[in-house]
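Structure, as C-alpha cells:
Any value given below was found using the heavy atoms of this structure, including those in side chains, with hydrogens, waters and symmetry copies removed.
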Amino acid sequence: MCGRFTLAAADHDLDGVFGHYSWPERRLRYNIAPTQQVLILKGNSSEPAWVRWGLVPRWARDTSGAARMINARSETVLEKPAFRDLMSRSRCLVIADGFYEWQLLPDGKKEPLYFQLPGGVPFGFAGLWDTWHDPTGQIVETCTILTRAAPPWLGAIHNRCPVIVDRSAHKRWLDTAQKIDMASADWIEPLTEFGLPYARVGFRVNSVANDDSACREVHTKKEPGMVENHPRQGELF
DNA sequence: CCAGACGTTGTT
DNA sequence: GTCTGG
DNA sequence: CCAGACGTTGTT
DNA sequence: GTCTGG
C-alpha cells in the first residue's frame, strides 16, 4: 500500500515527466504523511494543486474518516460509493519521486524500505480527488491514492502496493472522458509489476517529525528479486 | 418510507 | 449524494 | 504509514 | 486494543 512518500525532485525533472507546468514554490519533502498537503495534477486544470491527503467525500459530515481514506483499492474502486463517481469525474496524478513500504521483521519491528523508479525520476500515483465544504463554507480539497495487490517480486515485503501510472498513460488517466480498464495493466508503470529498485534507509523515517534528506539516505541498496523473506517464529518452512 | 453507512490496512 | 437494511 | 495518546470532576 | 494526529 502507500502511506508515506517523497517529493524532492527539481522542477526541471517534473517538467521532463509531466510536461511544462508552473510548479508552485515548494519545500523538498522526504517524509510526506497522510493528512498533509500533496501536489497533484487534475485533468481539467492547467495548474498543479495542493490538496490534503486523505479523502473527505463531498457528503461527509466531518473530516474524521479522512486518515483512513488515504488509499482506495483498485479492485473495488468502481463499486464503492465513496470512490465510484470520482473515477468518472475526478482522477488525478499525485506527484512523487519515491515511496516507503514497511516490512514486518521477526522481532516485531517495522523496517521502512524506500522505492524509486530507476534514476529517481518522478512519477504520478493514480489518484482521486474530491471537494468538501466545511461547516463555515470553506472549501477543502482532498485526495486518495489507488492501491493494488502486490506483484510477486514485492510479495515477501508487503501484500499491497500503490498504483503508479505509466508516463505514456498520463493523458488518458487525467482525461475522464476516456475509459480506464482496471483489469488491464496497459496504463500502469511496468516496473510496478516487474520490480523497482529499493533500499534500506533506516528507522528514522518512521516518525513523521523527521522530514529531511536523511530519511531516504541509502543504507543498503537492493535490486528487485533480492527480496528477503522474514518468516515469523513458527512459520519457518 | 426513514436511518445509517459510505473506507483501507494488517493481523489472526 | 446514493445505496442498503429494516 | 507510524507514533502516541487513551479520562473525569472540580477547583484555581 | 483502538483512535487521533501528522
Side-chain angles (χ1 to χ4, degrees), chain A residues 1-7 27 29-39 50-90 94 96-116 125-134 139-140 142-150 154-164 182 198-212 214-216 229-235:
Chain A
M1 64 93 58
C2 183
R4 301 280 182 91
F5 63 93
T6 63
L7 179 57
R27 198 158 57 84
R29 298 298 308 277
Y30 302 91
N31 196 2
I32 300 171
T35 73
Q36 297 178 345
Q37 296 292 114
V38 298
L39 191 62
W50 292 109
V51 303
R52 192 174 180 265
W53 182 18
L55 194 87
V56 180
R58 55 182 62 251
W59 40 258
R61 277 185 243 281
D62 53 56
T63 62
S64 59
R68 282 173 296 176
M69 304 269 267
I70 62 171
N71 294 126
R73 295 174 68 91
S74 55
E75 298 94 328
T76 55
V77 74
L78 291 169
E79 301 149 24
K80 299 291 184 182
F83 303 133
R84 196 189 53 197
D85 294 349
L86 304 179
M87 274 296 289
S88 56
R89 279 206 322 257
S90 305
V94 181
D97 65 358
F99 64 92
Y100 301 97
E101 294 283 4
W102 276 262
Q103 181 173 31
L104 186 64
L105 300 179
D107 62 6
K109 287 204 288 189
K110 290 177 173 182
E111 176 171 23
L113 299 171
Y114 183 58
F115 297 78
Q116 285 189 299
F125 289 121
L128 304 171
W129 64 279
D130 206 349
T131 302
W132 183 72
H133 289 85
D134 80 9
I139 290 172
V140 180
T142 63
C143 73
T144 190
I145 293 172
L146 268 61
T147 63
R148 46 166 287 178
L154 191 59
I157 296 172
H158 218 78
N159 60 350
R160 304 291 300 171
C161 76
V163 177
I164 296 174
M182 299 303 290
Y198 69 101
R200 297 182 64 208
V201 290
F203 290 82
R204 207 166 161 277
V205 71
N206 285 20
S207 172
V208 296
N210 297 321
D211 183 7
D212 53 50
C215 288
R216 66 172 182 182
N229 206 350
H230 293 290
R232 296 181 66 89
Q233 296 265 334
E235 286 178 3

Expressed in angstrom and rounded to an integer, what is the separation of [X] atom [atom1] from [N] atom [atom2]?
X: A/L86; N: B/dG7; atom1: CG; atom2: P; answer: 11 Å
X: A/L104; N: D/dC1; atom1: CG; atom2: P; answer: 12 Å
X: A/F125; N: D/dC1; atom1: CZ; atom2: P; answer: 14 Å
X: A/W59; N: C/dG1; atom1: CH2; atom2: P; answer: 12 Å
X: A/N159; N: B/dT8; atom1: CG; atom2: C1'; answer: 11 Å
X: A/E111; N: D/dC2; atom1: CD; atom2: P; answer: 12 Å
X: A/L128; N: B/dG7; atom1: CG; atom2: C1'; answer: 13 Å
X: A/D62; N: B/dA5; atom1: CG; atom2: C1'; answer: 13 Å

Respond yes when some side-chain nitrogen or oxygen of [X] is under 4.0 Å from OP1 or OP2 of [N], and no when none is.
X: A/T76; N: B/dT8; result: yes
X: A/R61; N: B/dA5; result: no
X: A/T144; N: B/dG7; result: no
X: A/R68; N: B/dT8; result: no
X: A/K110; N: D/dC2; result: yes

For [X] against [Y], the heavy-atom pair lying closest together:
X: A/A82; Y: A/P57; result: CB-CG, 4.4 Å
X: A/C2; Y: A/I70; result: O-CD1, 3.8 Å
X: A/V56; Y: A/A66; result: CG2-CB, 3.6 Å
X: A/F203; Y: A/E111; result: CE2-CA, 3.5 Å

message = Consider salt bridge (charged side-chain N to carboxylate O under 4.0 Å, His left out). Of A/D85, A/D134, A/D130, which one does A/R58 pass it with?
response =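 For A/R58, the salt bridge (charged side-chain N to carboxylate O under 4.0 Å, His left out) check succeeds only for A/D130.
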Is [X] touching bases, backbone alone, or none of the nucleic acid, heavy atoms closer than 4.0 Å?
X: A/R4; answer: base
X: A/T147; answer: sugar-phosphate
X: A/A72; answer: sugar-phosphate
X: A/F83; answer: sugar-phosphate
X: A/W102; answer: sugar-phosphate

Say we look at [N] and [M]: how far apart would their [atom1] atoms be, to the nearest angstrom?
N: D/dT9; M: B/dA5; atom1: P; value: 26 Å
N: E/dG6; M: B/dC6; atom1: P; value: 26 Å
N: B/dT8; M: C/dG1; atom1: P; value: 22 Å
N: D/dC2; M: B/dT11; atom1: P; value: 8 Å
N: E/dT4; M: D/dG7; atom1: C1'; value: 15 Å

For residues [X] and [Y], determine if any side-chain heavy atom of one lies less than 4.5 Å from a side-chain heavy atom of the other.
X: A/R204; Y: A/D212; answer: yes
X: A/P112; Y: A/N206; answer: yes
X: A/R27; Y: A/D211; answer: yes

Closest to the [X] side chain: [options]?
X: A/I70; options: B/dT8, D/dC2, D/dC1; result: D/dC1
X: A/A82; options: B/dT11, B/dC6, B/dT8; result: B/dC6
X: A/R73; options: D/dA3, B/dT9, D/dC1; result: B/dT9
X: A/N71; options: B/dT8, D/dC1, B/dC6; result: B/dT8

Give every pair of a protein N or O atom and an N or O atom of nucleotides 2-6 of chain C that lie under 3.5 Å apart, one pair per line with the distance.
none

ask   = Can you tell me the Watson-Crick or wobble partner of D/dG7, both distances under 3.5 angstrom?
value = none
query = With both distances kept under 3.5 Å, what pairs with E/dG6, Watson-Crick or G-U wobble?
reply = D/dC1
message = Taking the ring centre of each residue, are A/F5 and A/W53 less than 6.0 Å apart?
response = yes
